[in-house]
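What's counted below: heavy atoms across the whole structure, side chains too, no hydrogens, waters or symmetry copies. Each chain gets a letter, A, B and so on, in the order its sequence line appears, and its residues count up from 1.
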There are 6 protein chains.
Amino acid sequence: MKILVINPNTTTSMTEKIGIAAKAVARPDTEIVATNSQDGPASIQGYLDVANCIPGLLAEVSRHQDVDAIVIACFDDTGVDAVRSLVNVPVLGIGEAAYHAATMIANKFSVITTLSRSVPGLEHNLMRYGLAQKCARVRATDIPVLKLEEGDPATMFKIKSEIRDSIEQDNTEAIVLGCAGMADLMAQLSEEFGLPVIDGVAAGVTFAEALVNNRLGTSKIGAYSRH
Amino acid sequence: MKILVINPNTTTSMTEKIGIAAKAVARPDTEIVATNSQDGPASIQGYLDVANCIPGLLAEVSRHQDVDAIVIACFDDTGVDAVRSLVNVPVLGIGEAAYHAATMIANKFSVITTLSRSVPGLEHNLMRYGLAQKCARVRATDIPVLKLEEGDPATMFKIKSEIRDSIEQDNTEAIVLGCAGMADLMAQLSEEFGLPVIDGVAAGVTFAEALVNNRLGTSKIGAYSRH
Amino acid sequence: MKILVINPNTTTSMTEKIGIAAKAVARPDTEIVATNSQDGPASIQGYLDVANCIPGLLAEVSRHQDVDAIVIACFDDTGVDAVRSLVNVPVLGIGEAAYHAATMIANKFSVITTLSRSVPGLEHNLMRYGLAQKCARVRATDIPVLKLEEGDPATMFKIKSEIRDSIEQDNTEAIVLGCAGMADLMAQLSEEFGLPVIDGVAAGVTFAEALVNNRLGTSKIGAYSRH
Amino acid sequence: MKILVINPNTTTSMTEKIGIAAKAVARPDTEIVATNSQDGPASIQGYLDVANCIPGLLAEVSRHQDVDAIVIACFDDTGVDAVRSLVNVPVLGIGEAAYHAATMIANKFSVITTLSRSVPGLEHNLMRYGLAQKCARVRATDIPVLKLEEGDPATMFKIKSEIRDSIEQDNTEAIVLGCAGMADLMAQLSEEFGLPVIDGVAAGVTFAEALVNNRLGTSKIGAYSRH
Amino acid sequence: MKILVINPNTTTSMTEKIGIAAKAVARPDTEIVATNSQDGPASIQGYLDVANCIPGLLAEVSRHQDVDAIVIACFDDTGVDAVRSLVNVPVLGIGEAAYHAATMIANKFSVITTLSRSVPGLEHNLMRYGLAQKCARVRATDIPVLKLEEGDPATMFKIKSEIRDSIEQDNTEAIVLGCAGMADLMAQLSEEFGLPVIDGVAAGVTFAEALVNNRLGTSKIGAYSRH
Amino acid sequence: MKILVINPNTTTSMTEKIGIAAKAVARPDTEIVATNSQDGPASIQGYLDVANCIPGLLAEVSRHQDVDAIVIACFDDTGVDAVRSLVNVPVLGIGEAAYHAATMIANKFSVITTLSRSVPGLEHNLMRYGLAQKCARVRATDIPVLKLEEGDPATMFKIKSEIRDSIEQDNTEAIVLGCAGMADLMAQLSEEFGLPVIDGVAAGVTFAEALVNNRLGTSKIGAYSRH
């Protein structure tokens, strides 16, 4: 099976990290095609970036016709509805995938994301998916997405501090890492804090495999129909 | 990987059917252990059966210590919380798994279940999972669970008639088959009606594989903790 | 009229305390039968105990056929749906009864319960009853149920401290005591803090009397029907 | 114990019927004082009557200082918040009481009321109490309140027809009679249709007895405080 | 166009302030008739005042027959439903108007009101309008309404302190001033805190102008019908 | 004051109709600039069009720097969040504006839109705005947007038939016309059916005037901030 994992921003170092995270969980016989938009914002933070990355994302989808499933590797789940309207195969946003995974292993979860400006969009997605009631809180580190790429120790310190606060103040039972750029931190943080830490890229790829094995595609009646 | 699929009623013909459905979607290297409770009701229909099957279910779980994930193959998701409190591995109910799968490929779904008496319990689960807003309607065929085992053509006729009504009246975009005993009908109905038809056993097994591959287990902080 | 008050754990000292609380509010011509399960957990804390006490509870119900109403004296409202499916008379959980009473005398209430592990189950019940929006917060003292039986002054100190915090931080207008083992504290705490303090056993018994006097029994159409 | 049952309209034949319904369920040692406003609308149908009956209702409350509880016998629960702010004893609206009773004996209920114009107010109350999710539907007979007093057979026919439709179309499990003027129909309809039929006056009086026996009064912290 | 702006309390200094705020935003060709109830409470704080001001409000409405729209200048939106049932023209409460304005320019808002006792009524309105999810928090200054008229510097200090806390603690994006007596503070506070500060009188008058220019009146089918 | 009304599709006949509707309600001293995207879909129906029209919409906004408010004349409220992030002035979608107007004059409204495929997006917006509970139903005529431009009598017949059904079946109290292409039908339908009929273009322009006169702009803290 072939899964297209699209980073809808143009930062190739993030695409590489996403590709590694995807391959780490995919089955041996799954081919991961990790790619990114050719045009658009370098990172997606807030409603304007969410809108501006759409054309590049749709163009990138159109370049890959023979895939079995598509994972959109932006935690805002940008363009998921549009891509679902374009194709027959399953399409998953990594935010959506991470939230669903969290509800399967914990009663309540918190999200640790980047800028405060991104929080309302994530809360809105959670409400729309019906999963807001399972989310204790969406927390911002106020670390810009691209800063995550630099490997600054202060970055890790801030993420850990938010996880600690979330366990103590939100009574959270699991942590969702709210940015594709955090995909490499999952195992380490889970061990350190003794609770499940969920990365959306990993969740998205494995759920996409699951849907393909169920022979399920995007419904073409109603919201995602062609006519 | 080894996945325990427990039918919490004592009807072995259902367990066989469940085992076949599970193996049909599992990866080649996944071992499916399909089993059922040794004591308890022959079918689970309504709140009394839901309660009565718990001791047998917990006993059966305890007999299988070395598994990587557990799927509870009863559409009411009976005992999922209790089993999660008992083990460290991921635990999925087939109702829960089917609902989550449905929201990943359609904007709205309907459930076709057996007796009217079971509808409130399913509606209650949907509300608790946050997914009630994605469910157009839970429809009862008023066919008892064990009747499904008999292969009566009238049974199939009734199920199809409810699917047809659901498409026309509920504007549904996908169908969830609301009983483990319907696990063999998925492919046929999907083709006939031209929309995704989701079986909880298949969804549960593949999502369990996904969670194991994410190295995620049940959170032991909070609701499912030991202390 | 004869009301069966069942403690679904096996700790007889709690059953005695429950019986005293029940008799203190019942009318002179109401016969209170206070009893407990013969088998099952010694206390009910978390989802596993909630499930494990069901067989003993159902067995105890079956031993008492000629009662006019049943009160299930566990704050988790364990088994209420199952018992309703078994009998024609009204069945009330003490959690449910306390929440309803609280909404009749206050705009908002808080719950003081035992272990943190029990909080999610109570929150889930409140959501299902529709009363979550009236509950400011469910607070855990982290005192185990059986510790309440020992009369340790530190126990009372912790309960009072949570009530004080609830008034100051949650803007609560009434307190619900979230454990059958707190049934003897109602009057004292209400006087000390100057706000209504509600005990579920007392609420359950008097509401059961009310329903019997309305000649209302459990509906046998739909969720609690026999067929 | 002395319970004040106030009909907030000025139609004394309704007050008499309400008094009879109240006494039929009250305990022998409960004194029922059934009275009505001296000024205001002859019946309460829609938002304008709801507002106009308030001064007469508050004046009538002030004339009865030594009561143990107050029941406001208008199904719209007019003035309940204001009266709670005025007194220390428990105050119950008959709509509120009936809804709470319904949720204790059935999973879902429907309301049969008088004019369509009254439906939005009742739906709004149900939402505010948190009980909208338990109400299958509020149905209007479009019989004016005062018409109920005339004993016209067509009136009874219309009420029965709505109950029948509610069982068939709403999957309802219990019926709430949505007008104080229907208080005499409870027993007859319950027997005829084989499901619980709830009258708010009876529910209100018996729940008021219950609250008094719990020694619970209206909270004087927060919403109903004096300062 | 002629807009009736009614202060439903009897404090004429508030009416004057309200009139000035209304005229400051109205178009040149809009005639503002600012008036108040002739009888009733001097200020509206809590459910009892809310009820007691209704007769005076309805009487005042009846004295002004030839207006194009009505604004009820009490932040509790007292009597809005009753007045809508009485007239054909648009009727707006200033609470309602301010909340709607806030959602048009910000993702989330907080309300700063007077007494704690008024908070539940405002929360209830927000829930009923559907806008509770957009309101971060309703904050009380515990300054009585009439104290606002005295121009005490401590009053302004307290309001500013709540705004500051709201920005820091609630992540609010806009402030709604929750009392007609705060109508003169809008511009000053908006500039000082660098976020939109909304006054209900101004919002109510300009939205009333908008509805009149849309040729929209209160619907006379359903909730606000005459029959 | 100058209001930019942008049609985010490229059909200039719709832009003309929108401009006429805008000017018909604007005050004499308001300048209406009616324009449309230079690139993008010819009509907006479903999630794919909603996404594809964004670049053209943002480009068009950037061409008009000196406006006092922006109205986005697409009933899906496409790009409203992105445009709010781009500018300081108030930004209103015509769907949003129409829903808010409807709740100010009626207890419940229905929406009549074009294709079934557009219904989920509108329902999702209503949920996000908090106004889903005020919307009786979103009805599709299954007339494509561009067909509305042709003046076919069958089109008008279908719209009227849906309004009639909505009054009878949904108990609606007001109608919202769910497409900018219906802007010219408002007055005629309102008169014929005797209930308020709301057009989003008119509502959007007059509410934009109101916000400008309140001196309110889009909040630059939080969701729509620049940083």
Side-chain angles (χ1 to χ4, degrees), chain C residues 24-29 81 84 90-92 96-97 100-109 126-134 167 171-174 186-187 190 193-199 202-203 205-225, chain D residues 24-29 81 84 90-92 96-97 100-109 126-134 167 171-174 186-187 190 193-199 202-203 205-225:
Chain C
V25 295
R27 350 169 139 207
D29 58 343
D81 287 320
R84 279 189 185 145
V91 179
L92 276 167
E96 181 185 22
H100 284 287
T103 69
M104 295 174 186
I105 52 163
N107 179 60
K108 206 158 260 194
F109 61 87
L126 281 160
M127 182 176 73
R128 183 174 164 200
Y129 304 153
L131 303 179
Q133 69 191 46
K134 309 294 278 182
I167 294 172
N171 290 322
T172 200
E173 304 179 5
M186 181 178 172
S190 179
F193 288 97
L195 87 179
V197 176
I198 297 150
D199 163 52
V205 165
T206 52
F207 282 171
E209 289 180 331
L211 294 172
V212 172
N213 267 45
N214 275 267
R215 302 225 168 91
L216 291 170
T218 297
S219 175
K220 290 287 129 181
I221 297 186
Y224 307 120
S225 75
Chain D
V25 295
R27 7 167 127 199
D29 58 345
D81 287 319
R84 278 187 187 148
V91 179
L92 276 168
E96 183 185 21
H100 284 285
T103 69
M104 295 174 187
I105 52 164
N107 178 61
K108 205 157 260 193
F109 61 87
L126 282 160
M127 182 176 71
R128 184 175 163 198
Y129 304 153
L131 303 179
Q133 69 191 46
K134 310 294 279 183
I167 294 172
N171 291 321
T172 201
E173 303 179 6
M186 183 178 169
S190 180
F193 289 98
L195 88 179
V197 176
I198 297 150
D199 163 52
V205 165
T206 52
F207 282 170
E209 288 180 331
L211 293 173
V212 172
N213 267 43
N214 275 268
R215 302 226 169 89
L216 290 170
T218 297
S219 177
K220 290 286 130 182
I221 296 186
Y224 307 120
S225 75

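Between the side chain of D/Gln133 and the backbone N or O of C/Met127, at least one donor-acceptor pair lies under 3.5 Å. Looking only at distances, a side-chain donor or acceptor of D/Arg84 sits under 3.5 Å from a matching main-chain atom of C/Met104. Counting only distance, with no hydrogens or angles, the side chain of C/Asn213 and the backbone of D/Val25 share a donor-acceptor pair below 3.5 Å. Distance alone, capped at 3.5 Å, places no donor-acceptor pair between the D/Glu173 side chain and the C/Ser225 backbone.
Heavy-atom distances place no part of C/Val205 under 4.5 Å from chain D, backbone and side chain included. Heavy-atom distances place the side chain of D/Lys134, and not its backbone, under 4.5 Å from chain C. Contacts between D/Asn171 and chain C at a heavy-atom distance below 4.5 Å are absent for every atom of the residue. If you measure heavy-atom distances from C/Arg215 to chain D, you find no contacts under 4.5 Å at all.
When the side-chain hydrogen bond (donor to acceptor under 3.5 Å, both in side chains) test is applied to D/Asn214, the partners found at least two apart in sequence or on another chain are C/Thr206. Here C/Tyr129 pairs with nothing under the ring-ring contact (aromatic ring centres under 6.0 Å, His included) rule; sequence neighbours left out.
Heavy-atom pairs under 4.5 Å with chain C peak, among D/Ala26, D/Ala132, D/Ala223, at D/Ala223. For the set D/Leu195, D/Leu131, D/Leu211, D/Asp29, the count of heavy-atom pairs under 4.5 angstrom toward chain C peaks at D/Leu211. Counting heavy-atom pairs closer than 4.5 Å to chain C, the top residue among D/Ala208, D/Ala202, D/Ala106 is D/Ala202.
Atom-to-atom distance recorded for C/Asn107:CG and D/Asp81:CG is 7.5 Å, nearest 0.5 angstrom.
Counting heavy atoms from C-beta on, the side chains of C/Thr103 and D/His100 come closer than 4.5 Å. At least one side-chain heavy atom of D/Leu216 sits under 4.5 Å from a side-chain heavy atom of C/Pro196.
For the residue pair D/Gly217 and C/Ile105, the shortest heavy atom distance occurs at O-CB, 3.4 Å.
Aromatic ring orientation, C/Phe207 versus D/Phe207: tilted (interplanar angle from 30° to 60°).
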